[in-house]
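This chain uses plain numbering: 1 for the first residue, then up along the sequence. Because the structure is a prediction, the values reported are computed rather than measured.
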Amino acid sequence: MIYYYLTVALQVYCCYDAYTNKREIYWYAIILFLPVIGSFIYLFMNVFNNKDTQGINNEISTAINPSKRIKELTEKVEFSDTFANRVTLADAYFKREEYQNALLNYQTVLDGPHKNDVYVQEQLIMTNYYLNNYEKVVAVAQSLKANSEFRASKILFYLGLSYKALGKFNNAEKNLRALDVRYSNYQERLVLAQFLLEREKPKEAKELVEELLTEFNYMSSPNMKLHKTTFAEVKKLSDAILLNHT
């Protein structure tokens with residue numbers, strides 16, 4: 001019984017502190033629905049606060065209320081519309097899969113002195129791909145050809161996928177094959193194997209899949225865990241090839 005009263009008293013104190021300090025509404029839900037744990041989380045993040053816990057508090061707040069991060073970054077851009085602030089906002093939109101908003105912000109910085117920034121160009125390629133703007137992906141990638149970093153794997157990957165979506169299969173295969181580098185690019189090489197199978201090249205697809213499975217056997221345990229999902233798909237593809245093309 002004493003435990004119950006102590007818990008209620010703790011909740012009342014936390015709710016009172018949240019009210020007087022105008023905390024976000026989600027804190028009340030945490031305090032009320034997680035009586036003990038929630039109250040201690042509140043106390044740790046808000047009452048016994050310092051610089052370290054403030055950072056953790058911000059991360060938790062963002063996880064609970066994702067739009068809070070966007071709002072803060074938007075206000076930051078409105079106060080100081082710098083290249084770094086605008087790109088950070090675009091990245092936040094991209095992470096939330098709000099690709100149209102991400103695109104608008106990436107394009108904004110490309111209108112100025114940073115129009116040749118490689119990172120933004122790469123993000124622009126991926127954003128346009130997810131918006132099904134395949135022709136735009138090709139156009140942006142072509143503009144990067146003169147850059148020494150053009151062969152970055154993600155650029156070639158999304159360029160290849162865009163060519164595929166446009167029905168330009170030879171160009172798609174050329175770019176995807178450029179990613180066939182041993183002991184790397186596992187997801188990209190899986191996609192290449194699937195593409196080769198679709199193009200009725202089962203022998204080449206089989207060779208690539210066998211190569212991938214061999215590499216998996218030589219991986220360290222941490223890498224095996226890291227790429228577990230990809231290689232599960234590789235094994236499925238291997239079984240499908242054996243079943244349908246033997």
Q | Flag if over 12 foreign heavy atoms under 6.0 Å of NZ, Lys201 | A | yes
(Q) Is the shortest side-chain heavy-atom distance between Tyr183 and Tyr218 below 4.5 Å? (A) yes
**Q.** Pairwise distance CG(Leu124) to CE(Met126) - rounded to 0.5 angstrom
**A.** 10.0 Å
Q: Would you confirm whether Arg189, through its side chain, and Ser184, through its main-chain N or O, come within 3.5 Å as a donor-acceptor pair?
A: yes
Q | Contact check, side chains of Asn128 and Glu135, non-hydrogen atoms, under 4.5 Å | A | no
**Q.** Ile241-Leu213 co-clustered via ILVMFWY side chain contacts under 4.5 Å
**A.** yes
Q) Leu156 and side chain to side chain contact (heavy atoms under 4.5 Å, CB included): which partner among Leu179, Asn185, Ile125? A) Leu179
Q: Drop me the distance from Lys206's NZ to Leu208's CG, to the nearest 0.5 angstrom.
A: 13.0 Å
(Q) List the residues meeting salt bridge (Lys or Arg N to Asp or Glu O under 4.0 Å) with Lys174, not counting sequence neighbours, and say none if there are none. (A) none
Q. With the 4.5 Å side-chain cut-off for hydrophobic clustering, are Tyr93 and Leu104 part of the same group?
A. no
Q: Inspect the surroundings of OH in Tyr13 and state if more than 12 heavy atoms from other residues, nucleotides or ligands are less than 6.0 Å away.
A: no
Q) Using 30° and 60° as the class limits, which term best fits the ring planes of Phe195 and Phe169: parallel, tilted or perpendicular? A) tilted
Q. Among all residues two or more places apart in sequence or in another chain, which pass the salt bridge (Lys or Arg N to Asp or Glu O under 4.0 Å) test with Glu75?
A. none
Without placing hydrogens or testing angles, list every side-chain donor-acceptor pair under 3.5 Å for residues 76-92, not counting sequence neighbours.
from	atom 1	to	atom 2	distance (Å)
Asp81	OD1	Arg86	NE	3.2
Asp81	OD1	Arg86	NH2	3.3
Asp81	OD2	Arg86	NH2	2.7
Thr82	OG1	Asn85	N	3.2
Thr82	OG1	Asn85	ND2	3.3
Asn85	ND2	Ser80	O	2.8
Arg86	NH1	Asn105	OD1	2.8
Thr88	OG1	Ala84	O	2.8
Asp91	OD1	Tyr106	OH	2.4
Asp91	OD1	Tyr119	OH	3.0
Asp91	OD2	Tyr119	OH	2.9

